[in-house]
Amino acid sequence: MAEISNIQELRAEIARLRTVANEQETVIRSDAAALREQLKPMNILMNTISSLTGVQMSKSTFVNNGFVFGLSLMLQRLLLKTENQVAEQVHRWTEAFISKINDFMSKHSGGSKAKD
């Protein structure tokens, strides 16, 4: 910043600083309004549902199509994820069980041949 040497430069700098301050106030008001909007209960609910289910729905879609539709979609998505996780876990358990049976059979069948 250059040094101010006369009253005109001082007035120009004051005007510039007021403009900057007004712009910053506008940004702050906009940010505060956006924060208030995010903290509304309906928006918190929508964000929570979206993060839990992975289904991105806008507030208007959720409200227009009805709470039941949104809830149904959310539960279907949640059940699909749960079903896939359960199926994978059952598959892992089955593989482990078969592996243990094979190990047991190979240990006992190999030992009985050695005794004969």
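Hydrogens, waters and symmetry mates are skipped; everything else that's a heavy atom, side chains included, is used.
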Just how far is it from atom [atom1] of [X] to atom [atom2] of [Y], taken to the nearest 0.5 Å?
X      : Y      : atom1 : atom2 : answer
Asn102 : Phe97  : CG    : CZ    : 10.5 Å
Met105 : Ile101 : CE    : CD1   : 8.5 Å
Glu13  : Ile4   : CD    : CD1   : 5.0 Å
Lys100 : Asp103 : NZ    : CG    : 9.5 Å
Gln38  : Asn47  : CD    : CG    : 7.0 Å

Open item on the list: So if I apply the side-chain contact (heavy atoms from CB on, under 4.5 Å) rule between Asp31 and each of Ile28, Leu35, Val27, which one comes out positive?
Closed with: Val27
Open item on the list: Going by the rule side chain to side chain contact (heavy atoms under 4.5 Å, CB included), which residues pair with Arg36 if we only count those two or more places apart in sequence or in a different chain?
Closed with: Ala32, Ala33
- [ ] Assess the side chains of Gln8 and Arg11: does a donor N or O sit below 3.5 Å from an acceptor N or O?
- [x] no
- [ ] Would you kindly confirm whether Ile14 and Ile7 end up in one hydrophobic cluster when ILVMFWY residues are joined by side chain heavy atoms under 4.5 Å apart?
- [x] yes
Task: Test item: Thr48 side-chain N/O and Ile44 main-chain N/O as donor-acceptor pair under 3.5 Å - done: yes
Open item on the list: Between Ser30 (side chain only) and Thr26 (backbone N and O only), is there a donor and an acceptor less than 3.5 Å apart?
Closed with: no
TODO: For Glu9 and Glu3, work out which heavy atoms get closest and say how close.
DONE: OE1-O, 3.7 Å
Task: Arg92 atom CZ, over 12 foreign heavy atoms within 6.0 Å - done: yes
